[in-house]
Amino acid sequence: MSDRKNGVLVQARLIPFPTSISEAARDRLGRQVNEDGVPLNARYTMPSPDDHAGWMQLKAAADGHYAAAVKGLAGTLRATIETVRAGTATIHVARPEAVGAPDRAYVDFHGGAFVFGGGEACRMQAQMQADQHQAICYGVDYRMPPEHPYPAGLDDALAAYRYVLERHAPSRIVVGGRSAGGNLAAAMLLRAKQEGLPMPAGLILLSPQVDLTESGDSFQVNQMVDVVLPRSLMRNNELYAGGADLSHPCLSPLSLTPVSHPCSET
């Protein structure tokens, strides 16, 4: 029998809320766990990738939650907003009241585990980014599964980037994304590079979901410690991939797998 070790045994322990953050932040963390210290979000299980009806029900519930969350922001937003189409892509173009530099552009990819966060939430997020950065924000309302698996969202991402390149110099463009949007932002630039498009001035990735194989040890180390995402998102990843190889860099931009075919192929 092999005596090879397969990992590190971690004893059960209580991980305290950090004292380096504000009391309000600690209180918010406390509201995310039950009386036993278990994250409330651990109660939820995502549908299986082939349960499209279940995903649609979940999306409807999430859309209602997002709508309630952003409703209170409506009166605080100052940027004007219009929605345009660029090929298959839907783009919410937000222009702030005070423009710091009229030729600057921020291309924003929303989060939501590849399934949520589009529509009105994406639209208002573009306004928030425009107000915050005093720059034109292009909020990309990319298509999502189960109706539109990979590469639909990535196709939209590249179409949106081409649209912005037609209106701004690459040196005045910053691309950014959160969570699943971070994946699309990174994968889009990989594909743009493949197609010979110029790179932007900067790329901002906020908690990017860039390893859909979940092969890194942090996925295990942080399990049930991350109170927002205490469990695996593998079902979301498989739903998004639609049968494509999760290790391909266009699905997992963190991957070291050589790019043997373009991101547009499945």
Side-chain angles (χ1 to χ4, degrees), residues 1-51 54-55 57-59 61-62 64-66 68-70 109-117 121 125 144-145 176-187 203-241 245-249 251-257:
M1 179 181 294
S2 172
D3 60 354
R4 179 180 177 182
K5 308 298 189 297
N6 292 318
V8 177
L9 177 64
V10 178
Q11 301 294 334
R13 65 192 189 279
L14 177 69
I15 300 176
F17 300 141
T19 58
S20 57
I21 60 177
S22 68
E23 184 176 345
R26 290 197 301 274
D27 180 65
R28 184 164 183 173
L29 280 174
R31 294 198 299 271
Q32 297 294 318
V33 301
N34 65 18
E35 61 276 6
D36 297 320
V38 177
L40 298 177
N41 283 351
R43 298 176 299 181
Y44 305 107
T45 301
M46 295 297 181
S48 64
D50 59 356
D51 182 9
W55 281 105
Q57 291 178 355
L58 190 60
K59 287 183 72 168
H65 174 77
Y66 276 116
V70 301
F109 292 95
H110 69 81
F114 295 110
V115 185
F116 317 115
Q125 184 65 43
M144 296 182 289
R178 300 170 301 287
S179 190
N183 176 295
L184 282 166
L203 174 64
I204 301 172
L205 303 179
L206 304 175
S207 300
Q209 196 174 342
V210 288
D211 177 14
L212 301 194
T213 68
E214 297 189 356
S215 56
D217 62 352
S218 63
F219 286 97
Q220 301 300 322
V221 173
N222 292 325
Q223 191 172 101
M224 302 301 288
V225 176
D226 183 336
V227 297
V228 177
L229 295 173
R231 297 192 185 278
S232 168
L233 284 175
M234 184 54 69
R235 290 187 173 187
N236 296 64
N237 301 345
E238 292 175 344
L239 179 73
Y240 170 67
D245 182 3
L246 289 175
S247 68
H248 192 281
L251 281 161
S252 294
L254 192 65
S255 173
L256 297 179
T257 303

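Considering only residues two or more places apart in sequence or on other chains, Arg13 meets the side-chain contact (heavy atoms from CB on, under 4.5 Å) condition with Val10, Ile15. Qualifying side-chain contact (heavy atoms from CB on, under 4.5 Å) partners for Asn222, counting only residues two or more places apart in sequence or in other chains: Ser218. In this view, Asn34 satisfies the side chain to side chain donor-acceptor pair (under 3.5 Å) rule with no residue, not counting sequence neighbours. Judged as a side chain to side chain donor-acceptor pair (under 3.5 Å), and not counting sequence neighbours, Gln125 has no contacts. Listed by chain and number, the residues in a side-chain contact (heavy atoms from CB on, under 4.5 Å) with Pro18 are Ser20, Ile21, Leu29 (sequence neighbours excluded). Partners of Pro230 by side-chain contact (heavy atoms from CB on, under 4.5 Å), not counting sequence neighbours, listed by chain and number: Pro39, Asn41, Ala42, Met224.
Rounded to the nearest 0.5 angstrom, Leu212 CG and Asp245 CG are separated by 10.5 Å. The structure places OG of Ser232 at 10.0 Å from CE of Met46, a figure rounded to the nearest 0.5 Å.
In plain terms, the two heavy atoms of Gly177 and Ala185 that are nearest each other are N-CB, 4.3 Å. Listed here is the closest heavy atom pair of Ser255 and Ser247: OG-O, 2.8 Å. Shown here for Leu239 and Pro49, the closest heavy-atom pair between the two residues is CD1-O, 3.3 Å. Contact record, Met234 with Thr213: CE-O, 3.6 Å, taken as the closest heavy-atom pair. Of all heavy-atom pairs spanning Ala241 and Leu246, the tightest one is CB-CD2, 3.5 Å.
Listed by first and then second residue, the salt bridge (charged side-chain N to carboxylate O under 4.0 Å, His left out) pairs that reach into residues 208-237 come to none, sequence neighbours excluded. For residues 176-187, the side chain to side chain donor-acceptor pair (under 3.5 Å) pairs, not counting sequence neighbours, are Asp108-Arg178. Identified under the salt bridge (charged side-chain N to carboxylate O under 4.0 Å, His left out) test for residues 16-31, with sequence neighbours left out: Asp27-Arg31.
Looking at heavy atoms from C-beta onward, Phe114 lies out of side-chain contact with Met144 at the 4.5 angstrom threshold. Residues Leu58 and Val115 fail the side-chain proximity criterion, which asks for heavy atoms closer than 4.5 Å.
A side-chain contact (heavy atoms from CB on, under 4.5 Å) with Gln209 holds for exactly one of Leu184, Leu229, Leu233; it is Leu233.
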